[in-house]
There are 4 protein chains.
Amino acid sequence: MPARIKIGLIGLGRLGRVYGSYLAGRVANATLVAVAARHGDAAETFAAEFNIPRWYTSHTDLLADKSIDAVAVLTSTKSHKEVVIDAARAGKAIFCEKPIAMSVEDAQEMLAEVARAGVLFQPGFQRRFDPGYRAAKSRVEEGTIGTPVVLTSTSRDPFRPPLEFCDPSVSGGLIADMGIHDFDVARWYMGDVKSVFASGATLAYPEMKAIGDIDNAIINLTFQSGALGAVGLSRNAVFGYDIRTEIWGTKGSLQIGYLQQTPVLVMTKEGISHDAVPYFMERFEGAYTAQIQNFVDSVVKGSEPAVSGHDAVEAMRVSLAATASAREQRVVEVGAS
Amino acid sequence: MPARIKIGLIGLGRLGRVYGSYLAGRVANATLVAVAARHGDAAETFAAEFNIPRWYTSHTDLLADKSIDAVAVLTSTKSHKEVVIDAARAGKAIFCEKPIAMSVEDAQEMLAEVARAGVLFQPGFQRRFDPGYRAAKSRVEEGTIGTPVVLTSTSRDPFRPPLEFCDPSVSGGLIADMGIHDFDVARWYMGDVKSVFASGATLAYPEMKAIGDIDNAIINLTFQSGALGAVGLSRNAVFGYDIRTEIWGTKGSLQIGYLQQTPVLVMTKEGISHDAVPYFMERFEGAYTAQIQNFVDSVVKGSEPAVSGHDAVEAMRVSLAATASAREQRVVEVGAS
Amino acid sequence: MPARIKIGLIGLGRLGRVYGSYLAGRVANATLVAVAARHGDAAETFAAEFNIPRWYTSHTDLLADKSIDAVAVLTSTKSHKEVVIDAARAGKAIFCEKPIAMSVEDAQEMLAEVARAGVLFQPGFQRRFDPGYRAAKSRVEEGTIGTPVVLTSTSRDPFRPPLEFCDPSVSGGLIADMGIHDFDVARWYMGDVKSVFASGATLAYPEMKAIGDIDNAIINLTFQSGALGAVGLSRNAVFGYDIRTEIWGTKGSLQIGYLQQTPVLVMTKEGISHDAVPYFMERFEGAYTAQIQNFVDSVVKGSEPAVSGHDAVEAMRVSLAATASAREQRVVEVGAS
Amino acid sequence: MPARIKIGLIGLGRLGRVYGSYLAGRVANATLVAVAARHGDAAETFAAEFNIPRWYTSHTDLLADKSIDAVAVLTSTKSHKEVVIDAARAGKAIFCEKPIAMSVEDAQEMLAEVARAGVLFQPGFQRRFDPGYRAAKSRVEEGTIGTPVVLTSTSRDPFRPPLEFCDPSVSGGLIADMGIHDFDVARWYMGDVKSVFASGATLAYPEMKAIGDIDNAIINLTFQSGALGAVGLSRNAVFGYDIRTEIWGTKGSLQIGYLQQTPVLVMTKEGISHDAVPYFMERFEGAYTAQIQNFVDSVVKGSEPAVSGHDAVEAMRVSLAATASAREQRVVEVGAS
């Protein structure tokens with residue numbers, strides 16, 4: 001690979017545009033040379049705004065560009081399978097946002113094609129690149145807290161997404177859509193999950209019942225090591241975007257807390273108050289940048305990506321087991337890979 | 001009742017001595033006139049130290065004292081039944097530390113006797129008198145957070161108790177012994193619990209396996225209202241005594257955090273650090289005092305106690321269901337009272 | 001001295017009543033046997049409420065009681081001189097609230113009489129008994145922050161006192177009345193003060209101009225050691241009682257922060273908020289108790305008090321120099337004792 | 001001006017390289033087309049690394065490039081005067097890092113030339129672009145804290161700069177070099193400063209005495225409005241980069257605190273600890289980016305810059321008065337502009 005790669009971006013939805021702006025400005029050793037989006041207007045406008053040389057309305061046209069070394073796949077989850085397989089066959093290094101597929105079987109098919117093509121594949125789990133999560137990982141590895149024995153992790157959105165995004169047939173439902181980040185982090189700190197028990201309910205937004213999704217869930221985890229875990233998910237943290245993880249060890253604990261947006265305290269008769277980061281882009285801006293930089297660096301150096309396709313499949317497996325447990329109210333084994 | 005009552009203390013173990021010192025100094029409208037403890041030395045020494053007029057080696061001798069209006073029962077859980085029934089028959093108002101009995105049946109027998117005697121009975125759940133827990137209760141009632149839909153509560157000891165105290169045949173096991181406070185608080189904020197699912201393991205202190213107790217547990221709660229909850233228990237919060245509860249509502253959340261011992265930050269090259277309260281006496285000193293004051297005030301005024309015998313039984317019911325669930329790894333219904 | 005002393009309380013104003021309630025309940029090894037207050041009603045009512053055997057309307061009557069070992073002087077600053085001298089001549093151990101006199105000359109006369117009588121004398125500087133201030137003192141002595149080189153201290157009241165209390169001819173003015181605690185703490189951590197420069201203004205309560213007092217002040221300190229300091233005083237910290245001190249050393253810093261009243265966070269769309277202790281009694285309840293306990297223990301053991309008459313005089317000296325500096329807008333030397 | 005401007009960067013020291021990297025990647029509507037640095041190697045290497053078309057060893061060569069619309073001046077303070085005047089004569093819009101000159105007279109000469117040329121001039125005071133400082137400004141303007149009456153501001157470096165940077169003949173000394181940011185912020189929130197009193201000392205790094213600089217200072221401010229202020233400066237905040245400002249009003253206060261680097265708490269037997277941002281680049285990365293973006297936007301739109309040359313001169317005036325006060329130990333009037 002050259003010291004500086006040429007990259008193409010496929011998909012210009014909310015997250016696609018975020019990645020596009022980072023790739024256009026803040027990522028070293030990569031030049032964003034093309035974007036593709038079904039809606040030609042979106043592609044053309046975005047390309048113009050960020051001085052990107054080429055734009056397409058079809059991912060296959062972008063993939064046909066021989067000068068492109070790597071692609072970032074930010075399309076809807078449903079089309080990941082087709083795009084990733086096409087990209088692998090075109091010999092491109094692939095970054096693909098989570099979840100990489102709608103089912104474990106699809107994911108395995110994609111990874112098989114990736115393996116056949118011998119291209120680099122990295123799924124998007126940006127928390128692993130967040131300075132807070134990384135600092136905690138270092139502390140665990142240094143032994144600061146002894147042996148980790150319990151993990152608790154909480155992800156709470158400040159509001160529910162538009163109902164069409166919540167539709168479980170598109171999103172996979174609350175547990176798969178949101179929880180997969182917590183399950184990935186749980187595996188990262190604690191190892192593989194053996195079994196889960198989950199409860200979920202529609203408690204804050206009655207209108208979600210119509211589409212069959214829940215807005216709050218609590219998932220118990222039992223790890224292969226015997227360690228315990230609990231993941232809490234919610235769509236109604238109305239004060240901001242609340243992402244927290246705690247790791248409890250035999251010699252201490254680590255708490256990764258929510259972030260303030262500014263270090264300002266307002267002190268009046270009503271009390272002492274501060275703000276919180278409003279949503280995921282503010283909370284994980286640095287992590288998204290670091291993640292795509294890591295992908296670029298891995299492509300340039302030909303090194304193993306920091307997160308593997310196997311990681312993506314295993315986190316899906318926990319998500320699906322938890323979703324089944326919430327439905328059936330029984331312990332569900334995660335199963336071997 | 002007179003404007004100032006005479007009180008007797010039965011039991012001078014760790015918590016009994018704490019209550020005794022409060023009753024001797026900080027509680028208005030009550031005079032501690034007698035203590036009883038099996039070991040005469042303990043009773044005599046304590047009485048001398050705190051200028052208490054009379055001491056006994058038998059609770060029946062203390063109860064025979066007609067001038068005594070009320071008793072605080074701080075004996076071991078096993079002997080609560082006998083002492084409380086004797087006190088009720090002697091016509092004394094009764095404060096009894098939690099858990100009030102070893103089984104729901106015993107508790108119901110005690111309460112039946114209390115009802116027959118027409119005496120006031122108040123079980124010890126000191127968190128309900130903690131300024132933090134009370135402030136949160138007021139906020140919930142004022143509607144600050146809308147409808148509460150999820151509760152998470154964590155109790156973590158800084159070390160394991162001596163093994164003889166952990167013996168499940170004495171303590172009831174981790175879930176009953178520690179979790180009962182969280183279950184009571186959960187009922188206070190969220191209403192009755194419908195079913196539970198619990199997981200527990202011996203992860204930090206292998207020596208506890210020999211006595212059959214666990215040192216970490218996570219318990220999922222489903223409330224009658226449909227709301228969800230999770231309780232985390234641990235014996236290895238080595239940095240201090242970590243008691244936290246969060247209540248998540250449709251319009252906001254409340255977080256009752258751990259307490260620092262002092263408001264001091266130490267800022268050196270190693271980082272910025274602060275302390276934590278070491279153990280339950282430092283954390284709940286004010287709550288214990290306020291609780292026993294509330295008991296005295298209720299006796300003086302002849303008003304209903306802030307916590308009822310029914311509350312004590314219901315919290316036990318959740319504890320026992322959770323203990324069974326952890327053992328059998330299935331959802332257990334809490335059952336009707 | 002006996003293992004348990006008899007104590008008399010002189011003065012039943014706001015702080016006098018606080019001390020009285022502590023002495024009646026929470027102080028070991030002392031029995032509050034008498035109170036004196038000019039207004040007989042106040043004395044009689046207080047004595048009845050707290051079961052205190054005797055009450056007087058004149059401090060000389062109380063001092064005539066030979067069974068009394070020690071007195072706590074909580075009268076107005078103006079009458080401290082007379083009461084303390086009378087108490088010394090009556091052979092009582094003396095605790096006297098700050099400031100011990102209206103002038104350095106008066107204070108020195110009082111201390112000379114105390115020395116002549118050979119009685120124990122302890123002035124009231126309760127911050128030295130606050131767990132936070134004590135923990136910081138230990139850290140400084142352990143060398144955690146290297147050599148302390150800068151101290152900043154802030155005292156802010158949540159509102160202005162009634163105007164009659166602010167009258168500088170009674171209170172000594174903002175700098176003397178509030179600042180003396182910061183100056184004492186400054187000396188405790190950093191050693192003697194060499195010179196001061198102060199600025200003050202009436203910025204929040206224009207009505208205070210009529211009585212000649214200011215409501216905000218900033219005082220620069222230069223210590224004998226060459227170290228620097230700054231003290232900020234205010235009457236308009238409307239959110240609560242804000243007491244903070246920072247000590248900056250060559251190897252780190254210590255920050256003694258304001259206290260929350262409860263460990264509760266309220267998280268709503270309006271932000272994340274918490275409370276603060278409202279006023280000095282809530283902030284320093286433990287410190288007042290520990291201070292008077294320390295006085296009792298010193299009397300019982302015949303040991304040196306933790307704070308000396310010399311400390312009281314030196315803090316006054318800084319107060320008066322700062323008051324003069326604010327008026328004359330020039331550096332004022334504190335002078336040798 | 002075109003919707004996208006061409007910009008040249010003059011000076012590639014520590015801060016110059018930081019600005020260069022931002023201009024090369026994160027600033028919209030500007031293309032960095034040339035850099036100039038005395039050391040040709042530095043210029044050539046930097047240009048190569050960031051794909052910048054042209055590089056020079058002389059600022060006059062860069063200014064001769066007619067296609068360049070604007071320049072960012074990041075040379076040493078000493079050469080600001082020459083470069084800025086040359087840039088103004090060449091008709092370039094100018095961003096110049098603080099302090100803009102070594103003396104008020106030089107600054108006024110530069111601004112006169114800027115006025116004559118009719119070019120846009122913006123001095124660098126990045127705190128005005130920090131989200132925390134901006135949020136506080138909004139709160140003040142919204143009246144949240146009533147009338148601001150006291151400001152305290154603290155800037156503390158984690159270590160002393162290399163001695164050659166501390167030399168007062170180059171840096172202007174601690175008060176001018178560091179304090180100018182606090183003085184600018186003070187003026188922004190509170191209006192012009194009337195007089196100052198300052199104390200400084202060499203307390204942590206004795207080796208600084210040889211070059212005639214101090215390492216700690218406290219500066220009292222009296223504002224034209226009558227309000228009070230205090231600024232604390234230090235080179236020995238060994239735990240991190242400690243930037244804090246508090247604004248006290250008649251109805252509340254605002255506290256802009258130090259920033260953690262990550263939201264991680266480490267909880268062990270040694271206590272509970274967190275980190276702090278290490279230095280100014282981490283603390284103000286976003287502010288530097290926003291500031292240069294604001295400059296670009298002002299040039300594109302032809303609007304007034306957010307910070308004016310007048311602001312730069314006034315902050316210098318306070319710095320110089322404070323430096324004189326520390327030397328002469330007397331109140332120094334800041335003087336009219």
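Chain letters run A, B, ... following the sequence lines, proteins first, then strands; residues in each count from 1.
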> Quick one: CD on D:Q255 to NE2 on A:H274, what's the gap to the nearest 0.5 Å?
Replying inline: 11.5 Å
> What residue in D:L265, D:T262, D:T268 has the most heavy-atom pairs under 4.5 Å with chain A?
Replying inline: D:L265
> Relative to chain A, which of D:I272, D:I256, D:D275, D:I247 shows the most heavy atom pairs under 4.5 Å?
Replying inline: D:I256
>> With a 4.5 angstrom heavy-atom cut-off, is it the side chain or the backbone of D:Y22 that approaches chain A, or both, or neither?
In response: neither
> Can you tell me how far the CD atom of A:E49 sits from the CG atom of D:N29, to the nearest 0.5 Å?
Replying inline: 8.5 Å
>> On a heavy-atom basis, which atom in A:V264 and which in D:L254 lie closest, and how many Å separate them?
In response: CG1-CD2, 4.4 Å
> Is it true that atom CZ of A:R17 has more than 12 heavy atoms of other residues, nucleotides or ligands lying nearer than 6.0 Å?
Replying inline: no
> So do the side chains of D:R139 and A:V266 get within less than 4.5 Å of each other, counting heavy atoms only?
Replying inline: yes
> Using non-hydrogen atoms only, which part of D:N51 is less than 4.5 Å away from chain A: side chain, backbone, both, or neither?
Replying inline: side chain
> When you look at NZ of A:K137, are more than 12 heavy atoms from neighbouring residues, nucleotides or ligands closer to it than 6.0 Å?
Replying inline: yes
>> Minimum heavy-atom separation for A:P263 and D:G132, please, with both atom names.
In response: CD-CA, 4.1 Å
